[in-house]
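Shown next, in structure tokens, is the structure this report addresses.
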Amino acid sequence: MDVPRILVAGVRGGSGKTLISLGIAAAWRKQGRRVAPFKKGPDYIDAAWLSMAAGQPCRNLDLFLMSPDAAFRSFVGKSAKADVAVIEGNRGLYDGLDAQGSYSTAELAKMLQSPVVLAVDCTKVTRTVAAIVFGCQQLDPQVPLVGVVLNQAASPRHAAVLREAVEDTCGLPVVGVIPRIREHLFPERHLGLVPPEEHGQLSAAIEQAAAVAEEHIDLKAVWELARKAPALELGARPVVDAGTKPEVARIGVFRDAAFQFYYRENLEALAFQGARLIEISPIHDSELPQVDALYIGGGFPETLAPGLAENKPFLKSLRSSIEDGLPVYAECGGTVYLGEKLEYEGKEYSMVGALPVVFAFRRKPQGHGYTMLETVEENPFYKVGEALRGHEFHYTYMESSSKELTFAFRVGRGHGFDGDRDGLVHRNVLACYTHIHALGTDSWAPSLVRAAARYAETPR
């Protein structure tokens, strides 16, 4: 498998790698190249922007959430028909789960043998940038670091000093110098970038990113670096497209500005198992359509709370279906939506009321990072004793409950609902703060589709 590829890494979060990745992908797309976008790490928003820039679905690669074999097969399978793959790293190049950098962007780069371009924020520094780049070179010489993009250069003179320091000290080409850009092309809030669904000027933002790359990055040089990526040996890891199974059930998926955090692979896994996916908007739809199960992902129910709370017919319809036994798998924002109320910025909003819990929002994250769970109680989707790996990033928390609660999971790593438990169980509902990835949790999609098929066959 011989597809050109480039991985854009940073020395820390916020170093500019998202703008650079988006710009390169969008600029190459304008040139007529088929770009396969990938995002390293558990991230929905950057992945959504990369999908917009490349015009192709972005896939997530994470060596904690999935096995190396699963990540490798996904990369090879989804980039095979592309002209080039653009991979955006996460956090700093060597940042991982522990002091050894386990599961880091560097480890992914080595596994995929992908050339790495390092993005460095140059605010208020000159030759120190060369020391940073040199350190990244020396920490692990097996990481194929091939070029540098200097970000936030203050002036042409600053840029010239930076370029000379890096190229003379490190022997790496500087393939781009991006000046300070006063206009925020991609504004941020509490979970990172504002998602495409709420941005308001999608085409303009992507076009601006492409313009930044075209003006300030040597795209020809980056292309030549990408072409130098060695062919990947499939060995005993063949990539097989097995098609999909016959349709057995209808699974509703909440998709609108309030709920948008879904891995593409999760939706594909449900379809592969025989689910017909029905997109639903709890903001705009007047009632729940006929479905056999629901998958409610994360998102921003707090910022869209007024619209969610005002759609009382939909709330009533969903609550009634849940009480009738509809299987529901909810993650993070979806969990909050199923509660009784949500308190946000001094106001209280009524939610579905299927879970006897009041949720509230704080300015600091209540759970952030990878999670490890053990299934300890009966629930609709996982077997007792099953271990799960996932991630969480939430500012909401369980403020109170009117009843005694049953939780499916014991938290080994992470926070969940209260630092010890996650996975609130009510009838056929499992509501979690943890997000899982279907490529790392093989049982998830089959169990949800089976639950939906059983419900479809139940006389009502």
Side-chain angles (χ1 to χ4, degrees), residues 44 47-48 51 57-60 65-66 70 73-74 77-78 240-256 258-282 284-285 287-299 314 317-318 320-322 324-335 337-338 352 354 375 379-383 386 388 390 408 423 425-432 434-460:
Y44 298 101
S51 295
C58 180
R59 313 287 169 164
N60 289 73
L65 297 178
M66 64 191 75
R73 288 196 303 269
S74 177
K78 302 307 179 183
V240 179
D241 184 359
T244 60
K245 298 179 181 179
E247 182 179 318
V248 297
R250 295 160 53 96
I251 295 182
V253 180
F254 284 12
R255 297 294 293 270
D256 57 18
F259 300 97
Q260 61 219 225
F261 292 171
Y262 298 94
Y263 290 122
R264 175 84 177 199
E265 296 90 333
N266 286 26
L267 302 178
E268 290 173 343
L270 293 174
F272 173 78
Q273 293 294 330
R276 179 183 175 190
L277 302 183
I278 310 297
E279 291 198 358
I280 301 168
S281 170
H284 302 294
D285 292 345
E287 65 178 3
L288 187 71
Q290 183 179 349
V291 293
D292 306 311
L294 281 178
Y295 175 28
I296 312 177
F314 188 88
S317 172
L318 176 54
S320 176
S321 294
I322 288 174
D324 284 343
L326 180 71
V328 180
Y329 190 96
E331 295 178 329
C332 201
T335 292
Y337 178 65
L338 295 179
V352 175
T375 308
N379 67 89
F381 305 110
Y382 297 107
K383 295 180 180 179
E386 187 170 356
L388 304 178
V425 181
H426 171 74
R427 298 185 66 81
N428 283 328
V429 175
L430 180 60
C432 316
T434 287
H435 301 269
I436 60 92
H437 195 291
L439 294 186
T441 307
D442 295 338
S443 64
W444 172 77
S447 68
L448 181 50
V449 174
R450 283 196 300 269
R454 287 194 299 267
Y455 184 78
E457 297 171 355
T458 302
R460 290 186 296 279

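We're numbering straight along the sequence, starting at 1. Here the structure is a predicted model, which is why all the values come from computation and not from measurement.
For Ser74 (side chain) and Ala70 (main-chain N/O), no donor-acceptor pair under 3.5 Å exists by modelled atom type. In this structure a side-chain-to-backbone donor-acceptor pair under 3.5 Å is present from Ser447 to Phe381. Not one N or O on the side chain of Thr441 forms a donor-acceptor pair closer than 3.5 Å with the backbone of Ala438. Side-chain N or O atoms of Asp292 include one that pairs as donor or acceptor with a backbone N or O of Arg250 at under 3.5 Å. Put simply, the side chain of Ser317 never gets that close to the backbone of Glu287: no donor and acceptor are under 3.5 Å apart.
To the nearest 0.5 Å, the span separating CG on Asn428 from NE2 on His426 amounts to 9.5 Å. Expressed to the nearest 0.5 Å, how far CH2 of Trp444 lies from CG of Leu439 amounts to 11.0 Å. To the nearest 0.5 Å, atom CE of residue Met66 and atom CG of residue Asn60 are 7.0 Å apart.
Contact check for Leu288 versus Leu326: side-chain heavy atoms found under the 4.5 Å cut-off. Side-chain contact between Asn379 and Tyr329 is absent, with no heavy-atom pair separated by less than 4.5 Å. Here the side chains of Phe259 and Tyr295 are not in contact, with every heavy-atom distance at 4.5 Å or above. Side-chain contact between His437 and Asn266: present, with at least one pair of heavy atoms (C-beta onward) separated by less than 4.5 Å.
Using a cut-off of 4.0 Å between Lys/Arg side-chain N and Asp/Glu carboxylate O, Lys78 and Glu265 are scored as not salt-bridged.
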Item to check | Worked check of side chain to side chain contact (heavy atoms under 4.5 Å, CB included) between Cys332 and Phe261 | outcome: CA-CA 9 Å; Cys332 201; Phe261 292 171; over 6 Å; no
Next on the checklist: side chain to side chain contact (heavy atoms under 4.5 Å, CB included), that's the test. Do Leu267 and Arg255 meet it? Break it down for me.
Outcome noted: CA-CA 12 Å; Leu267 302 178; Arg255 297 294 293 270; 3.3 Å; yes
Item to check | Derivation of the side chain to side chain contact (heavy atoms under 4.5 Å, CB included) call for Ile296 and Val328 | outcome: CA-CA 8 Å; Ile296 312 177; Val328 180; 3.9 Å; yes
Item to check | From CA spacing to verdict: side chain to side chain contact (heavy atoms under 4.5 Å, CB included), Thr375, Lys383 | outcome: CA-CA 7 Å; Thr375 308; Lys383 295 180 180 179; over 6 Å; no
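Tested against His435 for a side-chain hydrogen bond (donor to acceptor under 3.5 Å, both in side chains), the candidates Tyr262, Tyr263, Tyr44 yield a single pass: Tyr44.
The two atoms that bring Leu448 and Leu294 nearest to each other are CD1-O, 4.4 Å, heavy atoms only. Across all their heavy atoms, Tyr337 and Leu318 have their closest contact at CE2-CD2, 3.7 Å. Among all heavy-atom pairs drawn from Arg454 and Pro380, the shortest one is NH2-O, 4.4 Å. In terms of heavy atoms, Leu270 sits closest to Val449 at O-CG2, 3.8 Å. Closest non-hydrogen pair, Ala47 versus Cys58, comes out as O-CB, 3.2 Å. Nearest heavy atom pair, residue Cys432 against residue Thr335, reads O-OG1, 2.8 Å.
Aromatic rings of Phe254 and Phe314 (six-membered ring for Trp) have centroids within the 6.0 Å cut-off, being under it.
Looking at Thr434 and Glu331, their side chains never bring a donor and an acceptor atom within 3.5 Å of each other.
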